[in-house]
There are 2 protein chains.
Amino acid sequence: MSFSIAEVAESSGLSIDTLRYYERIGLIDPPVRDSGGRRRYTDDDLRWIEFLNKIKLTGMSIKTMREYAALRKFGDASAGRRKQIMLDQRTDVLSRIAELQSCLDVLNYKIDNYQRVEDRLAELRGDLTEQGATA
Amino acid sequence: MSFSIAEVAESSGLSIDTLRYYERIGLIDPPVRDSGGRRRYTDDDLRWIEFLNKIKLTGMSIKTMREYAALRKFGDASAGRRKQIMLDQRTDVLSRIAELQSCLDVLNYKIDNYQRVEDRLAELRGDLTEQGATA
DNA sequence: TTAGAAGCTGGAGTGCACTCCAGGTCAAGC
DNA sequence: GCTTGACCTGGAGTGCACTCCAGCTTCTAA
């Protein structure tokens with residue numbers, strides 16, 4: 001089974017231009033072409049693209065993803081370096097999660113504050129309405 | 001008490017250029033100047049810069065931060081909109097945390113795999129050494 | 001009083017990750 | 001056989017968030 005570039009774009013959430021860009025810079029291997037020169041992606045290609053998408057979400061730079069992609073070509077011999085990249089990324093993700101958690105506190109504090117301001121303003125408007133009613 | 005731009009840069013972790021850039025684009029109010037025309041930042045300025053830093057960590061764009069900064073000028077009247085911005089940002093942060101958590105699974109899976117490959121390679125090398133010893 | 005450090009301005013340059021475009025090819029349906 | 005739409009290429013353009021620079025002024029310390 002193989003897929004057109006449009007199908008891959010659809011299923012991966014990347015644009016067609018982005019897929020071609022990733023190929024140009026060596027993130028994706030050039031897929032086979034059909035008789036008319038169009039790209040046909042295999043299941044393997046799809047899985048790799050899904051994986052790229054996933055590690056992109058962790059905030060990995062394209063530079064690092066390219067290194068990782070290049071290392072795949074060396075098979076088991078590059079397992080050590082690839083493991084290291086994943087380890088570094090995990091460290092990164094863990095600290096980013098912690099960072100975001102601490103930001104939540106600030107956000108919540110601000111939200112509470114604005115809520116209080118809004119409540120006070122609503123109350124004031126209520127008072128005015130009452131005055132208007134009794135005047 | 002007031003601070004030179006170098007001191008603010010030091011304490012905020014932003015560069016001097018970035019501080020001036022933020023001022024240019026309206027993220028930071030122009031601080032008062034000393035007799036020689038140099039910027040002197042107040043405690044209030046510092047607090048605002050710290051806050052900016054914090055919400056930047058949440059991934060808020062400069063565009064949104066600028067809107068938020070501009071809204072401050074309207075005081076309580078803008079509390080509603082500012083609360084909304086913080087609410088949106090909180091939603092964002094929560095989903096990003098969830099996303100990162102799910103990425104951790106992939107990272108862990110990969111790390112385990114590479115560990116297994118390395119273990120196997122180490123074992124093979126061990127065998128070779130033994131062979132070498134007995135040959 | 002003078003050298004050097006720190007700060008100033010407006011504007012240009014950078015790196016990243018795409019995104020768009022002009023002009024061309026190819027296959028399918030009418 | 002001709003139109004239409006998907007796809008192709010190389011290269012230019014975009015938006016974001018800085019970052020750097022030249023050429024100037026001002027304070028400080030020897």
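Chain letters run A, B, ... following the sequence lines, proteins first, then strands; residues in each count from 1.
Distance A/D34 CG to C/dC26 P: 11 Å, rounded to the nearest Å. Summarising the geometry, the separation between CG on B/L19 and P on C/dT9 is reported as 13 Å, rounded to the nearest angstrom. Straight-line distance from the CG atom of B/L14 to the C1' atom of D/dC18: 11 Å, rounded to whole Å. Between A/R66 atom CZ and C/dA17 atom P there is a gap of 10 Å when expressed in whole angstrom units. In this entry the distance linking CD1 of B/I25 with P of D/dT19 reads 13 Å, nearest Å. Rounded to a whole Å, the CG atom of B/N53 is 14 Å from the P atom of D/dA17.
For B/E7, the CD atom is densely surrounded, since the number of other residues' heavy atoms within 6.0 Å is greater than 12. Under a cut-off of 6.0 angstrom, the local environment of CZ in B/F51 is crowded, with over 12 non-hydrogen atoms contributed by other residues, nucleotides or ligands. Counted within 6.0 Å of NZ on B/K73, heavy atoms from surrounding residues, nucleotides or ligands total more than 12; the atom is thus considered enclosed.
Residues satisfying the side chain to side chain donor-acceptor pair (under 3.5 Å) test with B/K54, not counting sequence neighbours, are A/S102.
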Under 4.0 Å protein heavy-atom contacts per nucleotide of nucleotides 6-16 of chain D, with B for base, S for backbone only and - for none: BSSBBB-----
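Listed here is the closest heavy atom pair of A/L27 and A/R66: CD2-N, 3.7 Å.
In this structure the side chain of B/I97 reaches within 4.5 angstrom of the side chain of A/L104, judged on heavy atoms. For the pair B/L87 and B/R82, the minimum side-chain heavy-atom distance is 4.5 Å or more. Put simply, the side chain of A/L19 reaches to within 4.5 Å of the side chain of A/I49, judged on heavy atoms. The closest side-chain heavy-atom distance from B/I62 to B/Y22 is below 4.5 Å.
Proximity of residues 90-98 of chain B to DNA chain C (heavy atom under 4.0 angstrom from any strand atom) is not detected for any residue.
For D/dC18, one of the phosphate oxygens OP1 or OP2 lies less than 4.0 angstrom from a side-chain nitrogen or oxygen of B/Y22. In this model, the phosphate group of C/dT19 is approached by a side-chain N or O of A/T18 to a distance below 4.0 Å at OP1 or OP2. A/S15 has no side-chain polar atom (N or O) that falls below the 4.0 Å cut-off from OP1 or OP2 of C/dC18.
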